[in-house]
Number of protein chains: 2
Amino acid sequence: MTSRVRQARPPQPTLEMVAAVAGVSRATVSRVVNGSTKVSPEIVASVTVAVNELNYVPNRAARSLASRQTQALALVVPEDMTRFFGDPYFAAVVQGITRRLDQSDYTLNLLVASSDPQHKTLRYLRSGNVDGALIISHHTGDDFVAELETTMPVVFGGRPSTADDLEAYFVDVDNAAGAELGTQRLIDIGRHRIGSISGAIDMPAGIDRLTGFERTLNRVGMPTDAVEHGDFTAAGAAAATRRLLERCPDVDGLFVASDLMAIGALGVLREYGKSVPGDVAIVGFDDSPAATSGPVPLTTVHQPSEEMGYAMADTLLRRLTGDEHVPHRTIMPTRLILRDSA
Amino acid sequence: MTSRVRQARPPQPTLEMVAAVAGVSRATVSRVVNGSTKVSPEIVASVTVAVNELNYVPNRAARSLASRQTQALALVVPEDMTRFFGDPYFAAVVQGITRRLDQSDYTLNLLVASSDPQHKTLRYLRSGNVDGALIISHHTGDDFVAELETTMPVVFGGRPSTADDLEAYFVDVDNAAGAELGTQRLIDIGRHRIGSISGAIDMPAGIDRLTGFERTLNRVGMPTDAVEHGDFTAAGAAAATRRLLERCPDVDGLFVASDLMAIGALGVLREYGKSVPGDVAIVGFDDSPAATSGPVPLTTVHQPSEEMGYAMADTLLRRLTGDEHVPHRTIMPTRLILRDSA
DNA sequence: TTGTACGCGTTATCAG
DNA sequence: CTGATAACGCGTACAA
C-alpha cells in the first residue's frame, strides 16, 4: 500500500529558510517562534517579518519528534457512527471539550470506532499521535482502555467499569442519585405501577441509573419488575417499551434512562393508544435537545453535559502539565427539570 | 504555555530496541515492519517475534518526518458543533468516508470549526498533520479553502463556491435537478400556490436547490415569490416558515431544501393549524433519517449521502496515489421518495 | 543574547 | 539480502 504523491507542490518553508531570510541562526528562529523571552527585540522583529513573508508554519512531525509532545488529544468513542451522531448528548460533550481546548493550543482528534478490526484505534493512540486521551461511552467489553493509561494520561467521561477505577480519572454525575430524583417524581405525582427502560447494562451509566430506580422503589415498597433493557438508542428503547407494555400493560409511570430513548418510548406509547402524561407519565434523563424535540416536552433529569466535557478536557490538560493535585473524580450535580411528560 | 509531563511512563520501544532483540540492524527491522519482500523468511520471523515481545508500534512523528507522509486525512467542517451534530446528513457522509478509509491505512481527523479565532484549523492543516483534506458544508465566506489546495490535495463535498472551481475536485448531486424533481411533485398533485424554504444562500447547495425550484415554477408560469431563506437548521426553518405563512397564508405546497428543515416547518404548520399534506403538502431533501423521524413521514428528494462520503474519500485516496485520471467532478443521482407529506 | 552541534525514531540510499 | 549512514525539521544543552 505504498503511495507517492506525484503532483508537484511548493515545499513548505523550514526553520532553515526563515533563518536565512532573517540573517540569523536556526536556533534563534526557533526561539522566536516558541516565544522565548531571551531574544533581542530587533531580532524578534526581523524574524517575525521573515516568518510572515515565507508564510512559515512549524512542521508538526519534526517538532513532536524533538519535543516528544504532539499538542494533540484524542477523544475516543467506542460506538458506531450512527449512535454517536444520533444522540445530542455527545454533541454537548464534544462542544464542552472543544470550548476548553480552544483556550489552549491543543487540537482534538476524534476517534469513533466500535468495530475496530485491526485495532487501528489503539495503534493510532500508541503511535504517539496524541499526548493524552478522553474516553466517553465505553462499555465493559472495551478492555483496551485499561492498557491505555499505562501509555498516556487518560480521562473518562463517566465512571470507568474497569477494576482499577481507583486510580482512574473521570468526570461524571451521580447517576444513581439522578435516577432517584426522576423516579421519585413519578411516585410524587401518584403513579402506582412504575417501570423503567434502562440504558445499556454493559455501561456504568446504564447500571447506575437502574440501581437508582430500583433503590427508590424499594424504599417505598413498590415492585421493581417492570424493567426492560434498552441500549441508549431510540429504536432500542422502542423495542424495549413494546416488550414492557406486553408484559405489564398496567404501567402508568416510566423512568427512561435517556431523553433519546424516551422519545422512542413515546412513539410506542402513542401506538398503543396511551396518552402522556395522562395514561403513562414519563421521566427522561440528560435534558438534551431531544427532551424538547418530541411531541411532548419531557420532564427529565438534567445533567450538565457541556460542562462535563469542559471538565474532562480541563482535567486532562492539568494532568498534562504535571499538576499533582488534579482530583481523580469530578462529580457534577443533577437536577429535575419539570416539563409536560410527568 | 510550555508543558512537561512529570509522570514517569515506560518509554515506547524503538526500532533500535527491536533490532537489538532480533539481532539485526534497524534497517532490516524497518523493512520487515513495512512489509518489504526482500527479507529472508527466517529473519522476518525473528523480527516479528521481537516486535510482538516488545509490543512495538512505529513512532508516527519520526515516520512521517522521514517519509513526508502522515497517513492521515482531515475532514474539515466549517460549521458549529450543534449544526454538525444536529443534521443526520453529516452522519451519513462521515459514515461513508470512514467506510472507505477502513479499507486503507489512513486515519481521519475531524475538524469542526466555524469560529476559528487563531486560524487554528488552517495552521493545523498546514503543519503537515495530514496528507489531504475533505471539505464539506463550506460557505462562501470560507476563503481559506482556496489556499488549501496549493498545500495539499483537497476534495469537496458539494460543489465549491470559489471562482476556480474548474480545477477543484468534488462530489455532489445535481441539486438543481433534484429540486426540480421535488417541486414538480407539488405541481403534479395539484398544488397552486407553491413556496419554498431555501437552504443557506451562502452555500452552493442552498443556491442550486433554490434555482431548481424557481426554474420549475417558471416553466409552468407560476410565481416564485413565496420563498424564505433558511439556514439548514430546524430552528431557522421554523422561523422562515413563520415569515412565509404571515406573508403568504395561502401557500398549499412547500419545497423545503432539507429534511431537517422540513421537520422544523412541520412544527410551525401544526402551530398554525394547518394539516400536512391536507392543507399544505411538503417535499423535503436528503432522505436522511430526519425524513421519517417526525410526525409525518416526508416525501423527499433522496441523495446518496453515505455513498457521497465514500466517493469523496475514494477520490482523495486516488489523488494521493498520484492517479492522474481521477475525475474532477463526481455527480451522483437523486430520486424522489414518495411518503405521506406530498 | 546568539550560535554550534547533537539527538529525536524512521525511511531511504548505497555499499557490500 | 543486509547493514552502515545520511537525511527529515526542529528543540535544546552547551559553548561562545
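Naming: A, B, ... by sequence-line order, numbering from 1 per chain. None of these values were measured; they are calculated from a predicted model.
- Checked against the 6.0 Å centroid criterion, the rings of Phe84(A) and Phe85(B) qualify as a close aromatic pair.
- Applying the side-chain contact (heavy atoms from CB on, under 4.5 Å) test between Thr98(A) and each of Thr107(A), Leu110(A), Leu108(A) identifies Leu108(A) as the sole match.
- For the pair Lys38(A) NZ and dG11(D) P, the computed distance is 18 Å after rounding to whole Å.
- Thr140(A) and Asp202(A) share no donor-acceptor pair across their side chains, judged by distance under 3.5 Å alone.
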**Q.** Letter per nucleotide, 5' to 3', of nucleotides 4-11 of chain C [B base touched, S only sugar-phosphate touched, - untouched; heavy atoms, 4.0 Å]
**A.** BB-BBBBB
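- The aromatic ring centres of Phe156(A) and His138(A) sit less than 6.0 Å apart.
- Judged by distance alone, the side chains of Asp323(B) and Thr321(B) never bring a donor and an acceptor atom under 3.5 Å apart.
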